[in-house]
Protein chains: 2
Amino acid sequence: MAFKVGEVSRLTRLSVRALHHYDSIGLVKPSGRSASGYRLYTERDLERLQEVSFYRALELSLEDIVRALADPASDRRRVLLAQRALLEQRLEKTRAVLALLDDTLRAFDGERTMTTEEMFGAFDPTEYEEEAEARWGDTEAYRISQERTKRYGAADWAAMKAEAATILDDFATLAAEEVPATDDRAADVAERHRLHLYRWFYPTSREHHAALGRMYVADPRFAANYDQRRAGLAVYVRDAILTNALR
Amino acid sequence: MAFKVGEVSRLTRLSVRALHHYDSIGLVKPSGRSASGYRLYTERDLERLQEVSFYRALELSLEDIVRALADPASDRRRVLLAQRALLEQRLEKTRAVLALLDDTLRAFDGERTMTTEEMFGAFDPTEYEEEAEARWGDTEAYRISQERTKRYGAADWAAMKAEAATILDDFATLAAEEVPATDDRAADVAERHRLHLYRWFYPTSREHHAALGRMYVADPRFAANYDQRRAGLAVYVRDAILTNALR
DNA sequence: CCTTGACCCTCCCGCGACGGGAGGGTGCAT
DNA sequence: ATGCACCCTCCCGTCGCGGGAGGGTCAAGG
């Protein structure tokens, strides 16, 4: 009925050291201790450890797992969606780095030397610098964004753009399938969009996100960018963002 | 001619702290110091920092960058190939985790609860355990392999299989294009195969790899596995491996 | 000549999720 | 009584810096 660490380790395939760690941070504390101080796990503890293993397989941080297990479904969903955004970002970034790496290897095979342009790619992230500054220069969000983006390399920008394209695609697909912008699925994509901004640029609150949504329609250049992808998409995106902000 | 850390930071977009760090580990040491102890970087130092930035964009570890910069082309290629293997592995793994995550989210949306089988997938990695042990049980390589694989989860196995499939694909494609197994491109894929084994199972030397290559032909079950993908592929793979081992 | 402010220096702690080891106690079989 | 497998609690190390404390340096302005 009560298992010692070694037994638990064999049953769960978690290392004894990991069990110690989970105990010390309060993620999974054994229900009891023997007279001599041995950790004693009950079957309920084992179930919790199984759940932890599962969430670890999704590469959630231990902190997130604590949150996810703390209260039922409601919060769990949010944590998983956030994790999805993180993983998708990593996927795009890895793809971009691999592409850069392959270019480099090709240059080696061809015995040529690399130029600076080859090294850093054609995209010039400072292109819109002046404009953005004039518009948002004195906002806090802009400062944070500047702070972060100045450390991005070519691969980061490529990854960011790829991810943005994916999200735009998903909006366009939903719109094409005539899923209303007030549907949960549209709001889910809007949430991914928010997290995308959150991670790549600055902490974007739902309110701030809603303000951005309005601007996508109000500013003709943003609107044109969306609408050339599909007619009415700017309005669709705005509404999905509003739906997400209010749910 | 001589730049202080702040200037270098602005020129290279590396943080001052990073410059200190590179100095302290000996990656990029400034050519001089001022009387008062200020780091003074020459233009040659700046060039080296550019190279470091570039390799960092490929996500090489600082240690690998030291190696890559230490001696010219010969070693650089090896480092890049190893990095390619690592990134590809991460790509596959991330894809697998994302798939698992999406399954989980779908289960949430459908309001169903997850079964253990859904959680851990259909693949049973212990399927071949007895056989493998009978064959290689007393080898050092097998022990290390056991040590490592017992910590793998469903997503790892899926990622490993996906990566193996990619490599097999590349062999098949080269064979289909009648690229000789002695070609550098075939040997490159063989090297990726070796690194695949190296990372997922145990440190595989080129000699050991060559032995495995011979076995792929000698053992009818291995051979059949390759040849059902494409006739003569087992021999092709073996020869590519031998080419790689000898170059 | 002195102060101010921007810059520079050298430690040193912290992150995340443990791995690994030292130094020492426990529990059961021989 | 001894051996051996198992358990415990610290504590250091990983990787690439971020951030801060505590203190020196340098040119400009009062």
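Fair warning: this is a prediction, and the values are worked out from it, not measured in the lab. A, B, ... follow the sequence lines: proteins, then strands. Residue 1 opens every chain.
- Judged as a side-chain contact (heavy atoms from CB on, under 4.5 Å), and not counting sequence neighbours, the contacts of A:A190 are A:F171, A:A240, A:I241, A:N244.
- Counting to the nearest Å, the C1' atom of D:dC17 and the CG atom of B:L27 are 13 Å from each other.
- Judged by closest nucleotide on DNA chain C, B:D23 is the one of A:L19 and B:D23 placed further toward the 5' end.
- A salt bridge does not link A:R84 to A:D188: none of the charged side-chain nitrogens sits closer than 4.0 Å to a carboxylate oxygen.
- Across the protein-nucleic acid pair, B:L49 atom CG and D:dG16 atom P stand 16 Å apart, rounded to whole Å.
- The distance from atom CZ of B:R10 to atom C1' of C:dC8 is 13 Å, rounded to the nearest whole Å.
- A donor-acceptor contact shorter than 3.5 Å is absent between the side chain of B:E92 and the backbone of B:Q89.
- Considering only residues two or more places apart in sequence or on other chains, B:S24 meets the side-chain contact (heavy atoms from CB on, under 4.5 Å) condition with B:H21.
- Side-chain atoms of B:R17 stay outside donor-acceptor range of the base of D:dG16, with no qualifying N/O pair under 3.5 Å.
- Regarding contacts with the backbone of C:dC9, a side-chain N or O of B:H20 is found under 4.0 angstrom from either OP1 or OP2.
- Panel note: side chain A:Q83, backbone A:L58; a donor-acceptor pair is recorded below 3.5 Å.
- From one end of the helix from C:dC1-D:dG30 to C:dT30-D:dA1 to the other, with five pairs defining each end axis, the axis direction shifts by 40° (rounded to 10°).
- From B:F3, atom CZ reaches atom OG1 of B:T12 across 11.0 Å, with rounding to the nearest 0.5 Å.
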Under 3.5 Å, which N/O atoms of the protein pair with N/O atoms of nucleotides 24-26 of chain D?
unit_1: D:dG24; atom_1: N2; unit_2: B:Y38; atom_2: OH; d: 3.1
unit_1: D:dT25; atom_1: O4'; unit_2: B:Y38; atom_2: OH; d: 3.2
unit_1: D:dT25; atom_1: O3'; unit_2: B:S36; atom_2: OG; d: 3.4
unit_1: D:dC26; atom_1: OP1; unit_2: B:S36; atom_2: OG; d: 3.1

Polar atom pairs between nucleotides 14-17 of chain C and protein, under 3.5 Å, N or O only, would you list them?
unit_1: C:dA17; atom_1: OP1; unit_2: A:L62; atom_2: N; d: 3.1

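- Rounded to the nearest 0.5 angstrom, B:R48 CZ and B:R44 CZ are separated by 11.5 Å.
- A donor-acceptor contact shorter than 3.5 Å links the side chain of A:S53 to the backbone of A:L49.
- Every side-chain hydrogen bond (donor to acceptor under 3.5 Å, both in side chains) that A:D45 has, sequence neighbours left out, goes to A:S31, A:T42.
- Rounded to whole Å, atom P of C:dC8 lies 13 Å from atom CZ of B:F3.
- Expressed to the nearest 0.5 Å, how far CG of B:D64 lies from CG of B:L69 amounts to 10.5 Å.
- One finds no side-chain N or O of B:R39 lying less than 4.0 angstrom from the OP1 or OP2 phosphate oxygen of C:dC7.
- A straight line from CG of B:L14 to C1' of D:dG18 spans 14 Å, rounded to a whole angstrom.
- Interatomic distance, B:I167 CD1 to B:E191 CD, rounded to the nearest 0.5 Å: 10.5 Å.
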